[in-house]
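When reading the values below, keep in mind they use all heavy atoms of this one structure, side chains included, and skip hydrogens, waters and symmetry mates. Chain identifiers are assigned alphabetically (A, B, ...) following the order of the sequence lines, protein sequences preceding nucleic acid strands; residue numbering begins at 1 within each chain.
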There are 2 protein chains.
Amino acid sequence: MYCGQVQPIQFRKCLKAWHWREYEQVKYQVRAAVDGDNSRNCSSPRIDSSPLCSGRKEDAEMSQQHAVNGVLPKGKVLTLETMNPHVKKVEYAVRGPIVQRAVQLEKELREGVKKPFTEVIRANIGDAHAMGQKPITFLRQVLALCAYPPLLEDNKFPEDAKERARRILGACGGQSLGAYSASPGIECIRQDVSRYIEKRDGGIPSNPDNIYLSTGASDAIVTILKLLICGEGHSRTGVMISIPQYPLYSAALAELGAVQINYYLDEDKCWSLDLKELKRAVTEAREHCHPRVLCIINPGNPTGQVQSRECIEEVIRFAKEEKLFLMADEVYQDNVYAEGCKFHSFKKVLFEMGPEYSSTVEMASFHSTSKCYMGECGFRGGYMEVLNMDPDVKTQLTKLVSVRLCPPVPGQALLDMVVNPPRPEEPSYNTFIKERTAVLAALAEKARMTEDMFNTIPGITCNPVQGAMYTFPRVSLPQKAIDKAKEEGCVPDMYYCMRLLEEEGICLVPGSGFGQRDGTYHFRMTILPPAEKLKIVLQKIKDYHLRFTKEFS
Amino acid sequence: MYCGQVQPIQFRKCLKAWHWREYEQVKYQVRAAVDGDNSRNCSSPRIDSSPLCSGRKEDAEMSQQHAVNGVLPKGKVLTLETMNPHVKKVEYAVRGPIVQRAVQLEKELREGVKKPFTEVIRANIGDAHAMGQKPITFLRQVLALCAYPPLLEDNKFPEDAKERARRILGACGGQSLGAYSASPGIECIRQDVSRYIEKRDGGIPSNPDNIYLSTGASDAIVTILKLLICGEGHSRTGVMISIPQYPLYSAALAELGAVQINYYLDEDKCWSLDLKELKRAVTEAREHCHPRVLCIINPGNPTGQVQSRECIEEVIRFAKEEKLFLMADEVYQDNVYAEGCKFHSFKKVLFEMGPEYSSTVEMASFHSTSKCYMGECGFRGGYMEVLNMDPDVKTQLTKLVSVRLCPPVPGQALLDMVVNPPRPEEPSYNTFIKERTAVLAALAEKARMTEDMFNTIPGITCNPVQGAMYTFPRVSLPQKAIDKAKEEGCVPDMYYCMRLLEEEGICLVPGSGFGQRDGTYHFRMTILPPAEKLKIVLQKIKDYHLRFTKEFS
């Protein structure tokens, strides 16, 4: 393969790891596969700079041997060989090679290149506004008022929006969004978050001192992991994550040098979490690392399941028994669609289990302005609540977040609207409720539509989208397609998705980017496109799948 | 000390490291010093939870020995003893114990507690809006338009602001600030940044592919350090930073486990950078680590110097010879006040030195929306330009930033206004120029005022504030004051600043938080308070200093 310079097995490994430069090669391959032209593979100009080419090894060793006898090595200071190896191990499928290729295709379309489609539909990421969802009026009115306070004199804005803006500005240094806030966030917003949590959880108390505002949920999740991850060898911190998982987790663990402990969700039972599987995973992990953290995403990403109250109780009991710090990623807490499903916060269940649990189990819960009915991803707003955290560690956490000064203040302001929305007696209430309800109802409809449609396609099976914003259907790939993908040096579901992109302009993420049981194949698709467009997308996937299956049967 | 439980030497070490919990103890001490009451020292409730108390050691060892023979250790999962030790080493003086105490004093004032002052003046951090600087109208108009697009129909907004808003929204997914952007930032803003750099540097080309937008400059600085820092023992990456330094650097190095290599600025020569000192530092460091990075802050923080063109050339030559990756922190590039001083970008000098340098020296330069005339800290906007970065590493950098999805979009929009301000023919131009000039002229005036005033105080010497936003005067402390501080378990300049805060309500940062030559003492003060208030602040510091010196002479 590739003029015999690189072994297929190496290249496949490389693709699996999604080294982005190598994507260039994949692209050529996939194109070749589509065009029936293999000659371009050999012409890839990047092949010589691949870390898999043996010629680079000596350089690498030379670069790492620095300044021996005062002679400095030649070449660059910072190369693939001399950079931080932890960063090299990081993978992030949601913005991986498929998305890079989608961007390129969009550019080609703009430039008039003929394609079998007229637009690229990006169903790879939970980016609601990009998919056409309109911002909630009240949120944006308050933001505009905060950004440009002379608008407070404008009678086009409702009084409740002005009151909120005045309150937020009053809590900002110099009454400006442009001042740094306190590092854990603006005090009155932290208080509002606490009140919101208390109301959500039926009155269980929340202390504003336990609330840390953040730059989206990702920031807070990585911050907690930073506190927890340390040790070497057998003492290295192990972090339990579900498979399939949201790749922020695996990326952060790679970067921080933790051991990733996989526990598999049960696809046959609606991606539910099985206690036996958790026990298996932790027991095996104790042989070689120090399991200290259990991460749960509920409602699930990418799998869309909503955990039952009983299951949450079991998880909490397990965390206590096994001495694990619980990280509850609850950013989809408003996104529950299926009949009989309900969002139960880990905190509420913890407190209902009594003081034996509520005063001992260490936990952090995460929320964000990016999901739910808001979909305000670009503002990077979020918060976490920490429970039972050692006060000395909390002091360290406060110190750690202070180094980055503060989360973006517009995102903090937006979060305040989310946790302190218009009240029934206020002028913006009706519009707000109408807009919120419409967004959530549309998502519920699209969740059903997606499940139904996928289950009509022979070779695709799809669990109900109980919550969140994604479906993670399983795809049966013909053996010949798997062989072909392997021949192309490509993981099979990547091959499947890349061809879908090239042929239909639909951008999905292969299941291998989230993890899946060996020998199974999936993709993640968001349910965010508008209903009419989603119907077309589903139909195109159906046509493609039937065509693909036929080609390789 | 403390009822004989903790040795003074331990406590002093702890204070030096600014473990925040221990600050509670410092506070009691300082209060005691002020009140002449020592009895409160013993009543500190936190003393038993101090990591310095010997009783905790066994716990620590037990916690670290996990699950031996299947028996899990008691106590919390995450404690000071079992947390990531790198995070524990992080210090960040700018938001350290003095600021914590300032917050508390403000609260006490609000609650009606009598103090020798009526307000706390925070001159500890470069937070312009919090000090009363007004936002630039054009910037905020565009932001309001972007946040709430129905305002585009409002004839109160000038056409150029609307045109900018339309352009930014057109580049956002779904025409909304709420969509994620590309991870390195919105494409057209990266192009605008490039054009800005080209114009600034007299036409030297800038490639938008080398521009990465960021969450303030701090984010970009840490991202580059993450790529560079690796290795163990003798191979551990060493990073050269100036002393005094901005503590983001030392904090990031501690967190990432790098070796901090100090090079001292020459206080006697206006805090200039001396090549011999750089050579001394790197040569000594090569004995025990692998120096790979040289960080420069120009204009200087906290020291306010502006580097000459010759000096920058020397630094670049040095970086090339010693094979160092250059990190040029240029966030104060518009903040130059002194006659004869001019901002020279590292990139411009690099290119003027010819291809031998411009095509080889690896460099990243950082800028931010938080400083200069904008002072928009809360938006967390910024960018970096990378030069001569290995393409494979750049791919890794793009992957790394994608894990956090994207920098806050409102901050990106704001940055676009900074690099693409109103043009002379546009309606907002005059107001924009007037506002910008006023801010910079006021800063220049305050820079002179500060230097002049400090130099009238016996025992204080102050270099010219050539640029940036800070003064870093040197304070002679009487030996008796030093002894008293030591007796109180306090570093002397911390003792000096803490008493200033308690007695006058002025919040400064002790020099020890930035680093200084042994036996010298300084503080950092921003020049940001409005001129009238700054005069009062300076007078109060003078009175306090004279009183303090008299007390201990």
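Contact annotation for A:Pro407: only backbone heavy atoms (N, CA, C, O) come within less than 4.5 Å of a heavy atom of chain B. Contact of A:Glu362 with chain B is made through the side chain alone, with heavy-atom distances under 4.5 Å. Only the side chain of A:Val222 comes within contact range of chain B, judged by heavy atoms closer than 4.5 Å. Using a 4.5 Å cut-off between heavy atoms, A:Leu324 contacts chain B through its backbone alone, with no side-chain atom that close. Looking at B:Ser370, the atoms closer than 4.5 Å to chain A (heavy atoms on both sides) all sit in the side chain, from C-beta outward. Within the 4.5 angstrom heavy-atom criterion, only backbone atoms of A:Cys146 (N, CA, C, O) approach chain B. Only the side chain of A:Lys156 has a heavy atom closer than 4.5 Å to any heavy atom of chain B. Of the two parts of A:Ser183, the backbone and the side chain both hold a non-hydrogen atom closer than 4.5 Å to a non-hydrogen atom of chain B. Heavy atoms closer than 4.5 Å to chain B are found in the side chain of A:Pro135, but not in its backbone.
Separating the CG atom in B:Asp390 from the CD atom in A:Glu81 is a distance of 7.5 Å, to the nearest 0.5 Å. Interatomic distance, OG1 of B:Thr395 versus NZ of A:Lys88, reported as 12.5 Å (0.5 Å rounding). Of the inter-residue distances, the one linking B:Gln141 atom CD with A:Leu151 atom CG reads 9.0 Å to the nearest 0.5 angstrom. To the nearest 0.5 Å, atoms NZ (A:Lys107) and CD (B:Glu187) are separated by 8.0 Å. Expressed to the nearest 0.5 Å, how far OG of B:Ser402 lies from CD of A:Gln100 amounts to 8.0 Å. One distance of note links NZ of B:Lys226 with CE of A:Met83; it measures 11.5 Å at 0.5 Å rounding.
At least one donor-acceptor pair under 3.5 Å links the side chain of A:Lys399 to the backbone N or O of B:Val90.
Considering all non-hydrogen atoms of both residues, B:Lys323 and A:Lys76 come closest at NZ-C, 3.7 Å. Closest approach of B:Ile125 to A:Leu405, counting heavy atoms only: CD1-CD2, 3.9 Å. A pairwise comparison of heavy atoms in B:Phe325 and A:Leu78 identifies CE1-CD2, 4.0 Å as the closest pair. Taking all atoms of both residues into account, the shortest heavy-atom contact from B:Val87 to A:Gln396 is O-OE1, 3.8 Å.
For the options A:Thr360, A:Thr215, A:Leu143, A:Leu400, heavy-atom pairs under 4.5 Å to chain B are most numerous at A:Leu400. For chain B, the option among A:Glu255, A:Met374, A:Gln412, A:Met131 with the highest count of heavy-atom pairs below 4.5 Å is A:Glu255. The most heavy-atom pairs under 4.5 Å with chain B, out of A:Gly378, A:Gly174, A:Gly173, come from A:Gly378. With chain A as partner, the option from B:Ser218, B:Pro410, B:Ala128 having the largest number of non-hydrogen pairs under 4.5 angstrom is B:Pro410. When each of A:Asn84, A:Val409, A:Leu248 is checked for heavy-atom pairs under 4.5 Å with chain B, A:Asn84 comes out on top. Counting heavy-atom pairs under 4.5 Å between each of B:Ala144, B:Cys377, B:Gly411 and chain A puts B:Cys377 at the top. For the set A:Leu256, A:Leu177, A:Asp127, the entry with the most heavy-atom pairs within less than 4.5 Å of chain B is A:Asp127. Counting heavy-atom pairs closer than 4.5 Å to chain A, the top residue among B:Gly216, B:Gly231, B:Ala179, B:Pro150 is B:Ala179. Of the listed residues B:Val361, B:Leu139, B:Asp154, B:Thr237, the one with more heavy-atom pairs under 4.5 angstrom with chain A than any other is B:Asp154. For the options B:Glu376, B:Lys394, B:Arg292, heavy-atom pairs under 4.5 Å to chain A are most numerous at B:Arg292. Chain B forms more heavy-atom pairs under 4.5 Å with one residue of A:Arg380, A:Arg122, A:Met389 than with any other, namely A:Arg380.
Remark: A:Tyr148 engages B:Phe157 in a ring-ring contact (aromatic ring centres under 6.0 Å, His included) (not counting sequence neighbours). Partners of A:Ser176 by side-chain hydrogen bond (donor to acceptor under 3.5 Å, both in side chains), not counting sequence neighbours, listed by chain and number: B:His129, B:Arg140.
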